[in-house]
Amino acid sequence: MFAPMGADAILPGRSCGSCTMCCKMFRIDALDKPRDIWCRHCAIGRGCTIYDSRPDECRHFHCGYLFWPHAGEHWFPGRSKMIIVSEMEGTLLTIHVDPARPDAWRQAPYHADIRQWAGWAAPAGHRVTVFAGRRAIVIFPDRDVDLGILAEDETTLVLCHRTPAGMQLEALKVKVDDPRLPPSAREADPPGAARRTA
Ligand code: SF4
Ligand code: SF4
C-alpha cells in the first residue's frame with residue numbers, strides 16, 4: 001500500500017529544497033551518525049556540504065513527501081518536522097517526528113491525515129506508526145496507542161482479533177525476535193530504527 005519508490009517517481013513540483021530534516025533525524029551508519037542529531041556535514045536548511053561524495057545511504061533515500069501524492073504540501077518535512085517513510089515492503093507507514101517537536105503529529109491537519117491513512121491501511125492488514133525518537137505510537141483508525149519508549153531490542157506488533165463485535169486491533173511492544181512478527185520485522189533494523197533505506 002505504501003510502496004517505496006525511487007528518484008524517478010518524485011512528484012512534479014516536489015524537491016528537498018530548503019529541507020535537511022533527514023540529515024538530523026536519521027542514523028547514517030557510514031558516518032557513524034546516531035539518529036536525532038545533525039550530521040556534521042549538514043548546512044542546516046541549505047544542504048549537504050559533501051554532496052558529491054555523500055554516502056549511498058544519503059544518495060538513495062527519498063522520503064514519502066517527495067513521492068506520495070496523499071501527503072499534501074503541508075507535509076514538507078522542513079515545515080512539518082516529520083518524515084514519512086514506507087517500511088516492510090510497503091506494509092508499514094512510519095512517521096518520524098523531530099524530538100524538538102514531539103507533538104507535531106497531534107496537530108491539525110496532520111493528525112486527521114494520519115488517522116485517514118490508518119483507515120486505508122487497516123483492511124489490508126497494514127499499519128501506521130508514529131515514532132517520536134524511540135517512543136512509538138501505533139495509529140488505528142479510531143484511536144492512538146502510545147506504547148512508550150522502545151528499547152533497542154524491541155519493536156511493535158499489531159494483532160487482529162476476530163470477535164462477535166467484529167475485528168479488534170491490538171498493539172503491543174515486543175522483542176524483535178518475537179515469533180509472531182513477520183520475518184522482515186525480525187531483522188537487525190526493526191521498524192522505526194530511523195535508518196535511511198531507499
Ligand atoms: S526529509 Fe525528505 S524532503 Fe527533507 S531532505 Fe530528506 S528526503 Fe529531502
Ligand atoms: S552526508 Fe550530507 S546528505 Fe548525508 S546526512 Fe550528512 S549532510 Fe545529509
Side-chain angles (χ1 to χ4, degrees), residues 1-111 113-114 116-118 121 128-137 139 152 188-198:
M1 173 175 172
F2 306 118
M5 293 181 174
D8 57 344
I10 289 176
L11 294 169
R14 299 255 167 124
S15 70
C16 295
S18 62
C19 178
T20 48
M21 286 307 299
C22 55
C23 301
K24 174 185 180 184
M25 288 162 60
F26 283 9
R27 248 173 67 197
I28 310 293
D29 290 350
L31 299 174
D32 206 19
K33 183 193 104 52
R35 63 190 297 166
D36 297 329
I37 63 164
W38 287 105
C39 173
R40 63 186 181 277
H41 302 297
C42 182
I44 298 170
R46 297 205 306 278
C48 176
T49 60
I50 58 163
Y51 188 80
D52 290 339
S53 59
R54 68 199 187 285
D56 284 348
E57 288 166 79
C58 306
R59 196 174 293 272
H60 299 306
F61 176 76
H62 301 95
C63 76
Y65 163 78
L66 294 175
F67 66 79
W68 203 42
H70 303 295
E73 196 54 43
H74 53 284
W75 279 94
F76 177 60
R79 172 184 167 199
S80 68
K81 306 301 179 188
M82 290 179 276
I83 303 177
I84 298 168
V85 181
S86 172
E87 300 189 48
M88 294 175 61
E89 299 171 341
T91 63
L92 170 66
L93 191 76
T94 302
I95 296 148
H96 292 274
V97 184
D98 184 351
R101 292 267 306 279
D103 289 330
W105 65 279
R106 294 183 192 275
Q107 310 302 317
Y110 302 106
H111 187 254
D113 285 352
I114 296 168
Q116 181 180 45
W117 300 340
V128 176
T129 303
V130 170
F131 278 92
R134 291 295 304 173
R135 180 178 161 215
I137 305 104
I139 310 295
E152 290 296 330
D189 276 322
R195 181 172 181 274
R196 275 175 166 165
T197 51

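Both counts, for ligands and for their atoms, begin at 1 and track the order of listing.
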query: Closer than 2.8 Å to atom 6 (Fe) of ligand 2, do we get an N, O or S atom from Cys42, backbone or side chain?
result: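 Given the 2.8 Å cut-off, Cys42 does not count as a ligand of atom 6 (Fe) of ligand 2.
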Considering non-hydrogen atoms only, spot the tightest contact between [X] and [Y] and give its length.
X	Y	result
Thr20	Gly45	OG1-N, 3.0 Å
Ala104	Ser80	CB-O, 3.8 Å
Cys16	Leu66	N-CD2, 3.9 Å

- prompt: Just which atoms of ligand 2 are under 4.0 Å from any heavy atom in Cys58?
  reply: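 Here the atoms of ligand 2 in question are 1 (S), 3 (S), 4 (Fe), 5 (S).
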Side chain, backbone, both or neither: the part of Pro55 lying under 4.0 Å from ligand 2 by heavy atom: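 The side chain, only.
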Per-residue contact class, Leu31 against ligand 2 - non-hydrogen pairs under 4.0 Å: side chain
message: At under 4.0 Å between heavy atoms, is it the side chain or the backbone of Cys63 that contacts ligand 1, or both, or neither?
response: both
query: For the residue pair Trp75 and Tyr110, does the interplanar ring angle fall in the parallel (under 30°), tilted (30 to 60°) or perpendicular (over 60°) class?
result: perpendicular
Under 2.8 Å: N/O/S of Cys19 next to atom 8 (Fe) of ligand 1: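 So Cys19 does not count as coordinating atom 8 (Fe) of ligand 1.
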- prompt: In terms of atom number and element, which parts of ligand 1 are under 4.0 angstrom from non-hydrogen atoms of Cys16?
  reply: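 Close to Cys16: 3 (S), 5 (S), 7 (S), 8 (Fe).
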- prompt: Do His74 and Asp113 pass the side chain to side chain contact (heavy atoms under 4.5 Å, CB included) test, and can you show the C-alpha distance, the side-chain angles, and the key distance before you say yes or no?
  reply: CA-CA 11 Å; His74 53 284; Asp113 285 352; 2.7 Å; yes
message: Between Asp103 and Arg106, does any side-chain N to carboxylate O distance fall below 4.0 Å?
response: yes
